[in-house]
Amino acid sequence: MKIVDVKKPKTPVKQRLIRWGSVSIFVLICIWAFASMPNIEIKDTASETSRAIIDGVIHPDWSYVYKGDGEDLTFLMIETLAIAFLGTFISVVFCIPFSIWAAKNIIRWKIFSGAGKIVLSLVRTIPELVMALLFVKVVGPGAFCGVLALGLHSIGMLGKLNSEEIEKIDMGPVEAMSAAGSNGMKSFWFAVVPQVVPQFLSLALYRFEINVRSATILGIAGAGGIGAPMIFAMHSRDWDRVGIILLGIIIMVTLIDFISGRIRRKLV
């Protein structure tokens, strides 16, 4: 029996150049990034501060859980959840027209759908914390400021994800209804909406999970929630207060993730 020597085809020179060029650029960027790092210095009080932080986390201030004065952990966690929920609700409602605007299979003119994608990109490039700082100057500090910051930023994020889901739909039902004489609105309502609603709801729940985490730090900018008391406790080195706040955040985020994950698995 004759043995045929099968040789592996050679990689084209252009592909090898692109591959090694990409690796070289990545290595150079890493070297440049680490070379510009300042010298790492450990303070003399590092070990003492670390022990105090660990002791505060292990022995949290349980008296802060509920005081009934509106400044305790229970009230602030509820306020944080309310900020995340209202911010997500605003974004879910107002991102829909932007999602349709940016979907290239719905908007036939590429220049218009491209403009929608650019608008959504511009909105989501501004972090929630920066938006909170801006809204503090407009509406003043408080929970309403946090709601506006989360809502506006989430419009950009949800609008992008929802437009991508619209672009993935099967256009067959839309074309069938158009061929049967249906107008554009009816075709969209009965052929497009049923296909995207489960994905929209799943993405909204996922965004709510993210907003819960974001709402916990917006208090740094004066946007309400649990963030401000945690920063004040850190500045005053009240580590047992920091410990109970961190414990509350961990429990709240874990429960939200668990419940949201179960619901999203049933939707999609």
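As a basis for the values below, the full set of heavy atoms in this structure was taken, side chains included, without hydrogen atoms, waters or symmetry mates. Everything quoted here is computed from the prediction, not taken from an experiment.
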Quiz item: Side chains of L247 and W62: does their closest heavy-atom pair fall under 4.5 Å?
Solution: yes
Practice problem: Specify the closest pair of heavy atoms between P229 and L76, including all atoms of both residues, with the distance to one decimal. | Solution: CG-CD1, 3.3 Å
Quiz item: Is there a path from I111 to W101 through hydrophobic residues (I, L, V, M, F, W, Y) whose side chains come within less than 4.5 Å of each other?
Solution: yes
Practice problem: Would you give the length of the straight line joining atom OG of S154 to atom CE of M131, rounded to the nearest 0.5 angstrom? | Solution: 9.0 Å
Quiz prompt | Residue pair D61, S63: steps toward the side-chain hydrogen bond (donor to acceptor under 3.5 Å, both in side chains) verdict | solution = CA-CA 5 Å; D61 181 12; S63 63; 2.5 Å; yes
Quiz prompt | I217 side, atom CD1; I249 side, atom CD1 - distance, nearest 0.5 Å | solution = 10.0 Å
Self-check item: For T74, all residues meeting side-chain hydrogen bond (donor to acceptor under 3.5 Å, both in side chains), sequence neighbours excluded
Solution: none
Quiz item: Taking S163 for the side chain and K160 for the main chain, is one N or O donor matched with an acceptor at less than 3.5 Å?
Solution: yes
Practice problem: Treat each ILVMFWY residue as a node, draw an edge where side-chain heavy atoms are under 4.5 Å apart, and state whether I83 and I78 are in one component. | Solution: no
Self-check item: Transitive ILVMFWY side-chain link V92 to L161, under 4.5 Å
Solution: yes
Self-check item: K117 vs E167, salt bridge (Lys or Arg N to Asp or Glu O under 4.0 Å): CA-CA, chis, key distance, verdict
Solution: CA-CA 13 Å; K117 293 182 184 296; E167 291 174 352; 2.9 Å; yes
Quiz item: What are the two closest heavy atoms between M252 and T216, and how far apart are they?
Solution: CE-CG2, 4.0 Å
Practice problem: Show the numbers, then the answer: is there a salt bridge (Lys or Arg N to Asp or Glu O under 4.0 Å) between E164 and K104? | Solution: CA-CA 9 Å; E164 292 176 351; K104 59 185 179 183; over 6 Å; no
Quiz item: Which heavy-atom pair separates G159 from C95 by the least distance, and what is that distance?
Solution: N-CB, 3.9 Å
Quiz item: Any side-chain heavy atom of V242 sitting closer than 4.5 Å to one from D238?
Solution: no
Quiz item: Which distance, rounded to the nearest 0.5 Å, do you find between the CD1 of I53 and the CG of D240?
Solution: 12.5 Å
Quiz prompt | Least distance between heavy atoms, A221 atom then A132 atom | solution = CB-CB, 4.0 Å
Exercise. For the pair F26 and S22, evaluate side-chain contact (heavy atoms from CB on, under 4.5 Å) and give the outcome as yes or no after the intermediate values.
Key: CA-CA 6 Å; F26 176 75; S22 302; over 6 Å; no
Quiz item: Would you say Y66 and L73 make side-chain contact, with heavy atoms under 4.5 Å?
Solution: no
Practice problem: Begin from the C-alpha positions of L134 and V138 and carry the test side-chain contact (heavy atoms from CB on, under 4.5 Å) through to its verdict. | Solution: CA-CA 7 Å; L134 296 175; V138 177; 5.7 Å; no
Self-check item: Spacing of CD1 belonging to I244 relative to NE2 belonging to H59, to within rounding of 0.5 Å
Solution: 12.5 Å
Self-check item: Atom pair OG/CD1 of S113 and I100 - distance to nearest 0.5 Å
Solution: 13.5 Å
Quiz item: Can any side-chain N or O of T80 pair as donor or acceptor with the backbone N or O of I226 at less than 3.5 Å?
Solution: yes
Self-check item: Residue pair P194 / P198: nearest heavy atoms and the distance that separates them
Solution: O-CD, 3.7 Å
Quiz item: Heavy-atom distance under 4.5 Å between the side chains of L203 and E165, does that happen here?
Solution: yes
Quiz item: Can you find a heavy atom in the side chain of V93 that is under 4.5 Å from one in the side chain of F89?
Solution: yes
Quiz item: Any donor-acceptor pair under 3.5 Å linking the side chain of R213 with the backbone of E209?
Solution: yes
Exercise. Measure the acute angle between the ring planes of F112 and W109, then classify it against the limits of 30° and 60° as parallel, tilted or perpendicular.
Key: perpendicular
Quiz item: Ignoring hydrogens and geometry, is there a side-chain-to-backbone donor-acceptor pair from E128 to L150 under 3.5 Å?
Solution: no
Quiz item: Which heavy-atom pair separates E79 from A143 by the least distance, and what is that distance?
Solution: OE2-CB, 3.8 Å
Quiz item: Ion pair present between R264 and D257, side-chain N to carboxylate O less than 4.0 angstrom?
Solution: no
Self-check item: Test item: D72 side-chain N/O and K67 main-chain N/O as donor-acceptor pair under 3.5 Å
Solution: yes
Quiz prompt | Audit row: R262, I259, side-chain contact (heavy atoms from CB on, under 4.5 Å) steps and yes/no | solution = CA-CA 5 Å; R262 294 291 296 271; I259 296 171; 5.9 Å; no
Quiz prompt | Distance (rounded to the nearest 0.5 Å) between S236 OG and F232 CZ | solution = 9.5 Å
Quiz prompt | Common cluster, I118/L152, ILVMFWY with side-chain heavy-atom separation under 4.5 Å | solution = no
Exercise. Could you tell me whether the side chain of N105 reaches within less than 4.5 Å of the side chain of K168, counting heavy atoms only?
Key: no
Quiz item: Can you check side-chain contact (heavy atoms from CB on, under 4.5 Å) on V57 and W239, steps first, answer last?
Solution: CA-CA 7 Å; V57 173; W239 300 118; over 6 Å; no
Quiz item: Do other residues, nucleotides or ligands put more than 12 heavy atoms under 6.0 Å from the CZ atom of F200?
Solution: yes
Quiz item: Do you reckon F208 sits in the same ILVMFWY cluster as L255, going by side-chain contacts under 4.5 Å, direct or chained?
Solution: yes
